Amino acid sequence: MTGALISPSRRLRRTPFSDGVEAAGVKAYTVYNHMLLPTVFRSVEEDYRHLKEAVQVWDVACERQVEIRGPDAARLVQMLTPRDLRGMLPGQCYYVPIVDETGGMLNDPVAVKIAEDRWWISIADSDLLQWVKGVAYGYRLDVLVDEPDVSPLAVQGPKADDLMAKVFGDRVRDIRFFRFDLFDFLGHELVIARSGYSKQGGFEIYVEGTEIGMPLWNALMEAGKELDVHAGCPNLIERIEGGLLSYGNDMTDENTPHECGLGRFCNTHTAIGCVGRDALLRVAQEGPIRQIRAIEIDGPALPGCDRLWQLRAGEQVVGRVSSATWSPDFSTNVAIGMVRMTHWNAGTELAVELPDGTRRDAIVKEGFWL
Ligand code: THG
């Protein structure tokens with residue numbers, strides 16, 4: 001990294017919470033769905049420690065919604081994913097792999113079923129809207145597909161329930177994992193789900209429009225003073241420890257859900273209508289020949305992983321590492337890699353090719369750390 005700044009422009013969208021993020025002293029951003037996403041407040045390590053001990057408010061407005069409305073909405077969502085949606089009720093959220101006609105991953109969003117005929121697909125970093133509009137148009141479906149101005153604000157950490165109860169009342173405590181309910185804030189009805197991109201527990205508030213963005217941010221910061229609330233963001237260390245995948249980093253459209261370890265979110269036999277179904281039935285039959293694995297890399301803290309690092313067994317390339325960082329809690333480097341089946345068993349010892357040399361002492365783990 002050069003340390004150069006990023007030039008602001010209207011293509012790089014701000015969020016309803018950007019003023020609060022800046023007041024909280026954001027130190028670095030990335031770009032996600034053409035929108036600002038904070039990556040560091042105090043330091044990645046301090047943010048990590050605090051996330052695991054207290055409560056944070058995250059501007060994840062960049063988790064944009066693809067909204068699907070109309071009589072064919074449920075049919076269209078089922079065309080996008082090999083996860084069987086027939087048992088899904090309004091008020092539920094599902095983590096859904098989205099695949100193309102070859103079974104390649106296009107995104108790994110959270111689907112929010114508002115009503116039989118109204119869904120939000122809360123997307124990871126790829127331009128999914130265009131694929132969804134194309135499928136809807138190609139099949140002449142009776143739906144409207146667009147990107148409403150709905151911005152998730154996440155509240156994550158062990159004290160998330162206490163903070164949320166102060167602002168929305170004790171009823172928030174009753175929301176079950178990956179369910180949502182409706183709550184009032186200043187006369188606006190909000191969807192609040194128990195979900196979020198950390199393993200520390202918490203909520204996501206889907207904020208419609210910009211008007212209540214800063215009032216809500218400020219209310220959470222004010223109510224959380226005695227809980228040591230702080231602005232935060234998805235944390236690199238915690239998400240690798242937890243095995244939360246990052247689309248575009250850990251997987252792309254070159255990978256099937258099975259390669260990504262997302263087979264448990266696929267019901268390809270019964271997901272009738274999924275455009276990638278035939279392709280996935282074939283790969284599900286054979287099983288993947290490479291798959292995501294937790295990798296531990298001993299030795300000093302690794303540099304940032306901004307390109308793939310080859311995994312080797314002797315001279316043979318057997319995979320690649322896509323995310324890696326030092327873990328203070330496990331006193332080792334934790335990483336996410338894609339490993340060929342010949343070398344994917346737990347305990348397999350490998351070497352990693354970094355830009356500045358080889359690290360031996362990489363080992364395939366049985367599972368992730370959290
Ligand atoms: N929340 C919302 N939208 C999102 C994300 C989110 N869009 C972008 C990105 N994150 C999508 N990717 C993920 C990856 C993992 C999870 C959610 C979205 C996740 N996984 C849990 C796990 O693996 O432990 C639980 C999955 C389950 O059991 O259903 O939460 O975070 N709105």
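Whatever order the structure lists ligands and atoms in, that order sets their numbers, starting from 1. Count residues from 1 along the sequence. Only a predicted model underlies this, so the values are computations on that prediction, with no experimental measurement involved.
- In the vicinity of V110, heavy-atom distances shorter than 4.0 Å reach the ligand 1 atoms 1 (N), 2 (C), 17 (C), 18 (C).
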Query raised in the report: After noting the C-alpha distance and the side-chain angles of Y139 and D72, does the key distance pass the side-chain contact (heavy atoms from CB on, under 4.5 Å) rule?
Result: CA-CA 10 Å; Y139 283 87; D72 287 332; over 6 Å; no
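- Atom 24 (O) of ligand 1 has K199 NZ, 2.4 Å as its closest protein atom, hydrogens excluded (heavy atom only).
- Note on D181 versus R194: no salt bridge recorded, every NZ/NE/NH1/NH2 to OD/OE distance being 4.0 Å or above.
- Looking at Y94 against ligand 1, nothing comes within 4.0 Å, counting heavy atoms.
- Considering only heavy atoms from C-beta on, Y94 stays 4.5 Å or farther from K113 through its side chain.
- Heavy atoms of I123 found under 4.0 angstrom from ligand 1 belong exclusively to the backbone.
- Donor-acceptor pairing under 3.5 Å is lacking for the side chains of S195 and R179.
- Remark: ligand 1 and E63 share an N or O pair separated by less than 3.5 Å (distance only, no angle test).
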Without placing hydrogens or testing angles, list every side-chain donor-acceptor pair under 3.5 Å for residues 230-242, not counting sequence neighbours.
residue	atom	partner	partner atom	Å
N235	OD1	I237	N	3.0
N235	OD1	E238	N	3.1
N235	ND2	V44	O	3.0
E238	OE2	K199	N	2.8
E238	OE2	Q200	NE2	2.8
R239	NH1	L244	O	2.9
R239	NH1	D250	OD2	2.8
R239	NH2	S323	OG	2.8
E241	OE1	Y48	OH	3.4
E241	OE1	K52	NZ	2.7
E241	OE2	Y48	OH	2.6
E241	OE2	S327	OG	2.7

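- Between I192 and M164, the closest side-chain pair of non-hydrogen atoms falls below 4.5 Å.
- Here is the list of ligand 1 atoms found below 4.0 Å of a heavy atom in Y206: 32 (N).
- Nearest protein neighbour of atom 3 (N) of ligand 1, counting heavy atoms only, is S122 OG, 2.8 Å.
- A salt bridge links R13 to E147: one of the charged nitrogens lies within less than 4.0 Å of a carboxylate oxygen.
- Contact annotation: the side chain of P215 approaches that of F185 to within less than 4.5 Å [non-hydrogen atoms, C-beta and beyond].
- Less than 4.0 angstrom separates some heavy atom of E204 from each of these atoms of ligand 1: 1 (N), 2 (C), 6 (C), 31 (O), 32 (N).
- Put simply, the residue from R64, R69, K133 that forms a salt bridge (charged side-chain N to carboxylate O under 4.0 Å, His left out) with D146 is R69.
- Contact analysis leaves Y247 out of contact with ligand 1, as no non-hydrogen atom separation drops below 4.0 angstrom.
- Not a single heavy atom of P152 sits closer than 4.0 Å to an atom of ligand 1.
- Contacts of L244 with ligand 1, taken as heavy-atom pairs under 4.0 Å, involve the side chain alone.
- Nearest non-hydrogen protein atom to atom 11 (C) of ligand 1 is D108 O, 3.1 Å.
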Let me check something: any side-chain donor-acceptor pairs from residues 336-352 under 3.5 Å, sequence neighbours excluded? List them with distances.
residue	atom	partner	partner atom	Å
R340	NH1	V317	O	3.3
T348	OG1	N345	O	2.6

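- With hydrogens left out, the protein atom closest to atom 30 (O) of ligand 1 is F178 CZ, 3.5 Å, a heavy atom.
- Look at Y32 and you'll find a heavy atom under 4.0 Å from some atom of ligand 1.
- Distance from atom 13 (C) of ligand 1 to its nearest protein heavy atom, with residue and atom name: Y95 CE1, 3.4 Å.
- Q56 and H50 are linked by a side-chain donor-acceptor pair at a separation below 3.5 angstrom, with hydrogens and angles left out of the test.
- If you check which protein heavy atom lies closest to atom 25 (C) of ligand 1, you get F177 CZ, 3.9 Å.
- Remark: minimum distance from atom 26 (C) of ligand 1 to any protein heavy atom is reached at F265 CZ, 3.8 Å.
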